[in-house]
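Structure, as structure tokens:
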Amino acid sequence: MYFGVLIFNCKGVSYIVSLFENENITLLAKYLDVETMRQKLIAQNIANISTPGYKSLNLRFEDCLQDALNSDKVNLETSLDNHFSNIPDPKKMEPFVEKDDTSKMRADLNNVNLEHEMTVLSANTIQYNLVIQRLSGSFQQLSYVIRGR
């Protein structure tokens, strides 16, 4: 689905101006997807707490995003989309799943720690709600601009 405003100029030519190709909204939507994926991964870990040999899974994204947003590197100029850049584009970054093979909780080699999973679940819920609030604020600003009040 594409959201935009159809604009006609004086020659009758129309074009669409996207309302949501805002970098802030794009990053918040991406982060919302990551938080949703993390929620599913935590649920999977908790569901497998009694599975012998199961290793807990973690979703990694924030470290890479932090590096991309606060990079001290000098950005190489790219004039085309297929040019390589030395700084990753935060919009194109994907989270990845990491298996924790280092810790052992029980004799059956399952390493899911319910207290840890519940703590991560609570933190994830708080972050999800914060992202929803920021996204909602961005849409309210767009609504204000569109309506003019």
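Taken to the nearest 0.5 Å, the NE2 atom of H116 stands 8.0 Å off from the CD1 atom of I42. Here D33 contributes atom CG and M37 contributes atom CE; the two are 8.0 Å apart, rounded to the nearest 0.5 Å. For the atom pair L135 CG and L27 CG, the distance stands at 11.0 Å (nearest 0.5 Å). Rounding to the nearest 0.5 angstrom, the gap separating the OG atom in S138 from the CG atom in N24 is 4.5 Å. Note: L32 CG to R134 CZ = 13.5 Å, rounded to the nearest 0.5 Å. Interatomic distance, CG of L121 versus CG of N45, reported as 10.5 Å (0.5 Å rounding).
In this structure, the salt bridge (charged side-chain N to carboxylate O under 4.0 Å, His left out) partners of R60, at least two apart in sequence or on a different chain, are D63, E98. Every residue meeting the side-chain hydrogen bond (donor to acceptor under 3.5 Å, both in side chains) condition with E62, not counting sequence neighbours, appears here in chain and number order: Y31, R38. Applying the side-chain hydrogen bond (donor to acceptor under 3.5 Å, both in side chains) criterion to S50, with sequence neighbours excluded, gives no partner residue.
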Inset, instruction - Run the numbers on L109 and K55 for side chain to side chain contact (heavy atoms under 4.5 Å, CB included), then give the verdict. - result: CA-CA 8 Å; L109 301 179; K55 301 294 183 188; 4.0 Å; yes

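For the residue pair L41 and L59, the shortest heavy atom distance occurs at CD2-N, 3.6 Å. Closest of all the heavy-atom pairs between I49 and N110 is O-ND2, 3.1 Å. The two residues I46 and E117 come nearest to each other via the heavy atoms CG1-CB, 3.9 Å.
Looking at T125 and Q39, their side chains come closer than 4.5 Å, going by heavy atoms from C-beta outward. At a threshold of 4.5 Å between non-hydrogen side-chain atoms, the residues Y54 and Q44 count as touching. Here the side chains of E94 and K30 are in contact, with some heavy-atom distance below 4.5 Å. At least one side-chain heavy atom of L114 sits less than 4.5 Å from a side-chain heavy atom of M118.
Of the possible polar contacts, one joining the N111 side chain to the S56 backbone as a donor-acceptor pair under 3.5 Å is found. When atom types are taken as modelled, the side chain of S143 and the backbone of F139 share no donor-acceptor pair closer than 3.5 angstrom.
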